[in-house]
*Asks:* 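There's a structure below that I have some questions on.
Remember, it's 1-based here, ligands and their atoms both numbered in the order they're listed.
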Amino acid sequence: MKKLIGLKKLRTAIFISGTGSNLKNLINFSLKQKSPIKIVLIISSNKGAKGLYFAKKYKIKSKTYKYINKIISEKKILKDLAKKQIQLVCLAGFMKVLSKNFIKIFNGKILNIHPSLLPKYKGLNTHKRVLANKDKFTGCTVHLVNSKLDSGKIILQKKIKVNKNDNIKSLGRKVLKQEHLLYPKAIKKLFTNF
Ligand code: GRF
């Protein structure tokens, strides 16, 4: 991916389905002077997503799609992205798998954050599986999105120690805290020279 040249910020869309803590964190990051991104659109696959509150709060345009038909929903989303001249898509707890066609159109410009040390534990329930396997470490990963689930090029990872008394909740909290540091770091790594 090309480094950002000059002071223009990348027009970015964030895709969510739930709480939106990564969304909130990315909005705060984007508002920093030196941030390479400007968030201009939020797409949700769930009209009850708590994260939509941040769209309102920060006056960012949001759209919700029920995803009853994936092809039709994606077609509409692609139109929204074109209208807003989106250059980067950041998935942040987006619970739908993007089609090959969508990924091809936005090739190399879709990022995702995943709560495990990929390639370990792709998919859901990562913390549960880490604990069941008695792993000593877990973590989070920011990666490019390709046509296989949680399999694109890794941009950054953070390793986190699993303690003996950790449970799904405590691990989730620890990992999420690190996700909030990692996602902006990965964006800076890709798009700025500092
Ligand atoms: C995060 O753990 C992220 O890694 C995963 O979904 C969760 C989203 O959390 N893909 P939030 O909605 O950003 O709080």
*Asks:* Return the residue, atom name and 0.1 Å-rounded distance of the protein heavy atom closest to atom 14 (O) of ligand 1.
*Replies:* Ser21 OG, 2.6 Å
*Asks:* Return yes if a side-chain donor-acceptor contact under 3.5 Å exists between Asn46 and Tyr65, otherwise no.
*Replies:* no
*Asks:* Any N or O of Asn22 that comes nearer than 3.5 Å to an N or O of ligand 1?
*Replies:* yes
*Asks:* When you measure from atom 7 (C) of ligand 1 to every protein heavy atom, which one gives the shortest distance, and what is it?
*Replies:* Gly93 CA, 4.2 Å
*Asks:* Does either side chain, that of Ser17 or that of Ser45, offer a donor lying less than 3.5 Å from an acceptor on the other one?
*Replies:* yes
*Asks:* Can you report which non-hydrogen protein atom sits closest to atom 10 (N) of ligand 1, along with the distance?
*Replies:* Ile113 O, 3.1 Å
*Asks:* List every atom of ligand 1 that sits less than 4.0 Å from any heavy atom of Glu179, numbering the atoms from 1 in the order shown and giving each element.
*Replies:* 1 (C), 2 (O), 3 (C), 4 (O)
*Asks:* Checking Asn101 against Glu74: is there a side-chain donor and acceptor pair closer than 3.5 Å?
*Replies:* no
*Asks:* What are the atoms of ligand 1, with element, lying closer than 4.0 Å to any heavy atom of Thr19?
*Replies:* 12 (O), 14 (O)
*Asks:* Could you tell me if Thr138 and His127 have a donor-acceptor pair between their side chains, going purely by distance under 3.5 Å?
*Replies:* no
*Asks:* For residues 130-144, pull every pair meeting salt bridge (Lys or Arg N to Asp or Glu O under 4.0 Å), keeping only residues two or more places apart or in separate chains.
*Replies:* Lys120-Asp135
*Asks:* Side chain or backbone, does Gly20 bring an N or O within less than 3.5 Å of an N or O on ligand 1?
*Replies:* yes
*Asks:* Do the side-chain N and O atoms of Lys122 and Ser151 include a donor-acceptor pair separated by under 3.5 angstrom?
*Replies:* yes
